[in-house]
Asks: 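Following this message is one structure expressed as structure tokens.
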Amino acid sequence: MEEVKETKKRMLSGIQPSGDLHLGNYLGAIKNWADRVNDYECYYFMADMHTITVRQEPAELRRRSLNQLAQYIACGLDPEQNVLFLQSHVPAHAQLSWVLNCYTMFGELSRMTQFKDKSEKHHDNINAGLFTYPVLMAADILLYQPDYVPVGEDQKQHVELTRDIAQRFNSIYGDVFKVPEPFISKQGARIYGLTTPGDKMSKSIPEGCVFIMDDPDTIARKFKKAVTDSDTENCVRYDRENKPGVANLMNIYSTITGKSYEEIEAEFAGMGYGKFKPAVGEAVIEQLRPIREEAERLMKDKAYLDDIYKQGAERAAYVANKTLRKVYKKVGFYQL
Ligand code: ATP
Ligand code: LTN
């Protein structure tokens with residue numbers, strides 16, 4: 001099995017354990033990741049070190065770091081086939097980050113739009129970590145020599161900076177790092193808020209956000225309250241421009257059932273939104289039910305989750321330390 005893996009391209013991505021997972025995260029990201037496992041060697045980690053650039057409640061961070069692992073596994077990320085680990089369990093991330101700090105320019109970091117956004121949002125805590133965050137992210141990536149880094153559009157600038165840092169380092173010391181490509185999935189469903197179909201589904205608008213741990217009644221209620229459209233047509237028809245709420249519900253329904261928009265229109269012809277909204281809710285409830293139940297079961301099994309994190313950290317550290325040793329040697333750190 002290991003031999004087959006060697007020939008696969010490698011993928012790596014980080015996820016901040018900063019909130020509960022929702023339907024947007026699931027349909028837009030995790031479900032696709034789970035489907036990729038046969039084609040790539042995949043590394044996914046919880047970026048807990050990144051979350052403290054913004055103040056966190058320590059007990060909450062600890063809880064989410066474990067619960068999110070349970071939720072990712074329940075969503076289909078098999079811990080045997082994917083390397084799943086917690087960033088702070090692999091010290092090489094912090095170690096390489098320091099070295100890369102010395103190969104990253106102040107001007108480059110000043111241009112990062114996320115830094116500008118976050119320092120506006122958290123103007124009372126513009127700490128140095130917020131500024132050097134992209135360097136830690138570059139270290140996260142380069143340690144594993146991945147071919148691709150699947151990220152959302154908002155992280156593309158950070159992956160491009162990572163490429164620049166890798167190329168700069170390589171031009172001085174030879175081929176130390178693989179220069180990775182960002183992997184921005186085009187067909188990745190973009191799910192919008194149920195109450196705000198103009199904005200992406202987000203935990204910051206909880207009324208319109210379906211969390212994967214929501215119970216069936218809560219999900220049904222959220223779908224009942226979903227915004228459809230302000231015309232009087234009351235007809236299930238795909239029109240993203242004029243009927244964004246209906247289009248969003250159709251997209252959710254289509255992604256879950258595999259039905260095309262035409263099939264959905266035919267299925268609900270003459271029925272109106274009163275029937276359509278609960279039907280989408282029902283499909284989501286049934287899709288999430290086994291995930292929630294499995295996550296609940298795993299969340300109670302701390303020993304199992306600890307073991308996954310332990311194994312993940314070992315597998316990750318093996319690869320990461322290899323790169324780190326090479327870097328330390330190249331920059332001239334005296335080796336024992
Ligand atoms: P938010 O904070 O707005 O609730 P998020 O920040 O939790 O969303 P991220 O942590 O940025 O989400 O992203 C995790 C993954 O989920 C990313 O790959 C992102 O593209 C994806 N994602 C997040 N929200 C959506 C959505 N509404 N539709 C599709 N994909 C999404
Ligand atoms: N910055 C990313 C999370 C992240 C990441 C990474 C993604 C941290 N390190 C390495 C890909 C590769 C975010 O906020 N979504």
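Counting starts at 1 for both ligands and their atoms, in listed order. Here the structure is a predicted model, which is why all the values come from computation and not from measurement.
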Asks: Any idea which part of Gln155 is under 4.0 Å from ligand 2, heavy-atom wise: side chain, backbone, both or neither?
Replies: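 Side chain only; the backbone of Gln155 stays clear of ligand 2.
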Asks: Looking only at heavy atoms, which two atoms of Val149 and Pro180 are closest? And how far apart?
Replies: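 Heavy atoms of Val149 and Pro180 come nearest at CG2-CB, 4.0 Å.
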Asks: Out of Lys31, Arg190, His22, Lys200, who is nearest to atom 11 (O) of ligand 1 when you count heavy atoms only?
Replies: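 Shortest heavy-atom distance from atom 11 (O) of ligand 1: Lys200.
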Asks: Quick check, are the ring centers of Phe268 and Tyr273 under 6.0 angstrom apart?
Replies: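 Between Tyr273 and Phe268, which both carry aromatic rings, the centre distance is not below 6.0 Å.
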Asks: Please check whether Asn25 reaches ligand 1 - meaning an N/O of the residue sits under 3.5 Å from an N/O of the ligand, judged on distance alone.
Replies: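 Yes; the residue has a nitrogen or oxygen that sits under 3.5 Å from a nitrogen or oxygen of the ligand.
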Asks: Taking only heavy atoms of Met201, which atoms of ligand 1 are found under 4.0 Å from at least one of them?
Replies: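 Numbered from 1, ligand 1 contributes 24 (N), 27 (N).
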Asks: May I ask you to identify, for Asp154, whether its side chain, its backbone, both or neither come under 4.0 Å of ligand 2 on a heavy-atom basis?
Replies: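 Near ligand 2, Asp154 shows nothing, with every heavy atom at 4.0 Å or more.
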Asks: Give me the nearest non-hydrogen protein atom to atom 4 (C) of ligand 2 as residue plus atom name, then the distance to 0.1 Å.
Replies: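 That would be Gly14 O, 3.8 Å.
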Asks: For atom 31 (C) of ligand 1, which of the options Ser204, Gly24, Ala47 provides the nearest non-hydrogen atom?
Replies: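 It is Gly24 whose heavy atom sits nearest to atom 31 (C) of ligand 1.
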Asks: N/O to N/O below 3.5 Å, does that happen between Gln16 and ligand 2?
Replies: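 Yes; the residue has a nitrogen or oxygen that sits under 3.5 Å from a nitrogen or oxygen of the ligand.
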Asks: Which bit of Val159 gets closer than 4.0 Å to ligand 2, counting heavy atoms only: side chain, backbone, both or neither?
Replies: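 Looking at Val159 and ligand 2, no heavy atom falls under 4.0 Å.
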Asks: Suppose we call two aromatic rings close when their centres sit under 6.0 Å apart. Are Tyr238 and Tyr253 close by that rule?
Replies: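 Judged by ring-centre distance (under 6.0 Å), Tyr238 and Tyr253 do not meet the cut-off.
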Asks: Asp140 to ligand 2: N or O pair under 3.5 Å?
Replies: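 Yes - when backbone and side-chain N and O of Asp140 are compared with those of ligand 2, one distance drops under 3.5 Å.
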Asks: Would you kindly specify which portion of Gln87 sits under 4.0 Å from ligand 2, judged on non-hydrogen atoms: side chain, backbone, both or neither?
Replies: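 The answer is neither.
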Asks: From the options Thr53, Leu142, Val151, Ile141, select the one whose nearest heavy atom is closest to atom 12 (C) of ligand 2.
Replies: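 Selected option, by shortest heavy-atom distance: Ile141.
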Asks: Looking only at protein heavy atoms, which one is nearest to atom 1 (N) of ligand 2, and how far off is it?
Replies: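 Closest protein heavy atom to atom 1 (N) of ligand 2: Tyr133 OH, 2.6 Å.
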Asks: Under a 4.5 Å cut-off applied to non-hydrogen side-chain atoms, are Thr228 and Leu249 in contact?
Replies: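 Thr228 vs Leu249: side chains touch.
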Asks: Run the numbers for me: atoms of ligand 1, each under 4.0 Å from some heavy atom of Gly28, listed by number.
Replies: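 That gives atoms 29 (C), 30 (N) of ligand 1.
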Asks: Please determine whether the number of non-hydrogen atoms from other residues, nucleotides or ligands lying under 6.0 Å from atom CD1 of Ile52 exceeds 12.
Replies: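 Check fails, neighbour count at 12 or below.
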Asks: Assess Arg315 against Phe45: is NZ or CZ under 6.0 Å from the centre of the six-membered ring, and within 45 degrees of the ring's axis?
Replies: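 That pair does not qualify as a cation-pi contact.
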Asks: Please state which part of Leu136 comes within less than 4.0 Å of ligand 2, counting heavy atoms only: side chain, backbone, both or neither.
Replies: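 Neither part.
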Asks: Is there at least one pair of N or O atoms, one from Lys203 and one from ligand 1, spaced under 3.5 Å apart?
Replies: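 Yes.
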Asks: Does Lys222 reach the main-chain N or O of Cys209 with its side chain, forming a donor-acceptor pair under 3.5 Å?
Replies: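 Flag set: sc Lys222 to bb Cys209 pair under 3.5 Å.
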Asks: Report the member of Ile191, Asp199, Asp20 with the shortest heavy-atom distance to atom 26 (C) of ligand 1.
Replies: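 Selected option, by shortest heavy-atom distance: Ile191.
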Asks: Consider ligand 1: state whether an atom of it lies below 4.0 angstrom from any non-hydrogen atom of Gln155.
Replies: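 No, Gln155 has no heavy atoms under 4.0 Å from ligand 1.
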Asks: Less than 6.0 angstrom separating the ring centers of Phe177 and Phe169, yes or no?
Replies: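 Ring-ring flag for Phe177/Phe169: true, centres closer than 6.0 Å.
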Asks: Is the centre of the His158 ring less than 6.0 Å from the centre of the Tyr133 ring?
Replies: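 For His158 and Tyr133, the ring centres are under 6.0 Å apart.
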Asks: Checking contacts here: is it the side chain or the backbone of Phe45 that comes within 4.0 Å of ligand 2, counting heavy atoms only? Could be both or neither.
Replies: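 The side chain, only.
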Asks: Check each of Lys8, Lys9, Arg10 against Glu41 using the salt bridge (Lys or Arg N to Asp or Glu O under 4.0 Å) test, and report the only one that passes.
Replies: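 Checked Lys8, Lys9, Arg10 against Glu41; only one passes salt bridge (Lys or Arg N to Asp or Glu O under 4.0 Å): Arg10.
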Asks: Working to the nearest 0.5 angstrom, can you tell me the gap between Phe333 CZ and Gln335 CD?
Replies: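 Nearest 0.5 Å value for the CZ-CD distance: 9.5 Å.
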